[in-house]
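Every number for a ligand or one of its atoms is a count from 1 in the order of the listing. By convention here, the first residue in the shown sequence is residue 1. Since the structure is predicted, the reported quantities are computational estimates derived from the model, not experimental observations.
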Amino acid sequence: MTTSRFYALVPAAGVGARMGTNIPKQYMPLAGKPILLHALETFAALPAIAHTYVVVNADDAYIRDVLASEKHLSDRLTVIYDGGSTRQQSVLNGLHHLRERLADDDWVLVHDAARPGLSVDLVARLLEELREDAVGGLLAMPVVDTLKRADGEGRVEATVPRAGMWAAQTPQMFRYALLCRALEQAQEVTDEASAVEALGLRPKLVGGSPRNFKITLPHDIALAELYLKGIE
Ligand code: C5P
């Protein structure tokens, strides 16, 4: 039996440039509340998650108002005002703030603020599959479309074999000390798993869900609302 605890870390310091809006995408409304709040409530609803940390920019102008009306989250959630210039740096800044609070072998579930479709069941599946794992892993989806690599002119340079290809989602779940070491040593990476892979380790792929997609473009909001209403 493992005695390690589980923590959620949600980087929310991006600006969401592709949304083309004034407010950062994690604060845009979705089904009546800010995008970011959906995942925070999912983690708060799971007794197995000891605590959730959300990393925002030092000058974030939104998070206080968002949480002011969510008193039920106050003892389950801590805001860290120390976002970085990249997602990797925001996660690392958050991890460094937790140095005194987490043990080396505690698990950290890093989750994008922009994935509001995360459900309690998906987190439970991830914990179940990985709690005894030596490395850790991530939610991911097998790729179903045929993959093309483009040349500089938007023409197909090659068709990439699809067999064995997965699209990474979050949460990505690794032990605290390993995750710190991996992200400190990695060159620019866009997820935690790639940093861990760079250490020569092989994170486990755990089946995710289409509803856990990342909101990137304006029309994604309507799609996410459909998923939250109950289509699977
Ligand atoms: O921009 P993208 O969708 O890839 O961002 C993924 C997640 O990383 C979002 O939750 C975003 O807020 C976060 N992020 C961050 N710090 C940055 C850039 C992105 O916390 N500098």
Going by an N to O cut-off under 4.0 Å, is there a salt bridge joining [X] and [Y]?
| X | Y | value |
| --- | --- | --- |
| K148 | E157 | no |
| E192 | R87 | yes |
| K204 | E129 | yes |

So which bit of T86 gets within less than 4.0 Å of ligand 1, heavy atoms only: side chain, backbone, both or neither?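 For T86, only backbone atoms sit under 4.0 Å from ligand 1.
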Would you mind running through ligand 1 and noting each atom that sits below 4.0 Å from a heavy atom of [X]?
| X | result |
| --- | --- |
| G84 | 17 (C), 21 (N) |
| D112 | 6 (C), 7 (C), 10 (O) |
| A113 | 10 (O) |
| S90 | 15 (C), 16 (N), 17 (C), 20 (O), 21 (N) |
| S85 | 21 (N) |
| A114 | 10 (O) |
| A12 | 12 (O), 20 (O) |

With side-chain hydrogen bond (donor to acceptor under 3.5 Å, both in side chains) as the test, pick out the partner of D82 among Q89, H96, H97.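 Only match with D82 under side-chain hydrogen bond (donor to acceptor under 3.5 Å, both in side chains): H97.
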Any nitrogen or oxygen of P11, main chain or side chain, under 3.5 Å from a nitrogen or oxygen of ligand 1?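 P11 vs ligand 1: N/O contact under 3.5 Å present.
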Geometry only, no angles: is G14 polar-contacting ligand 1 at N/O separations under 3.5 Å?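 Min N/O separation from ligand 1 is below 3.5 Å for G14.
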Would you check if the distance from the ring center of H51 to the ring center of F43 is below 6.0 Å?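 H51 vs F43: aromatic centres not under 6.0 Å.
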No-hydrogen, no-angle side-chain donor-acceptor test under 3.5 Å, Y27 and D65: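 Checked: Y27/D65 side chains show no N/O donor-acceptor pair below 3.5 Å.
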Less than 3.5 Å apart, any donor N or O on the side chain of R5 or Y7 sitting next to an acceptor on the other?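 Side chains of R5 and Y7: pair found under 3.5 Å.
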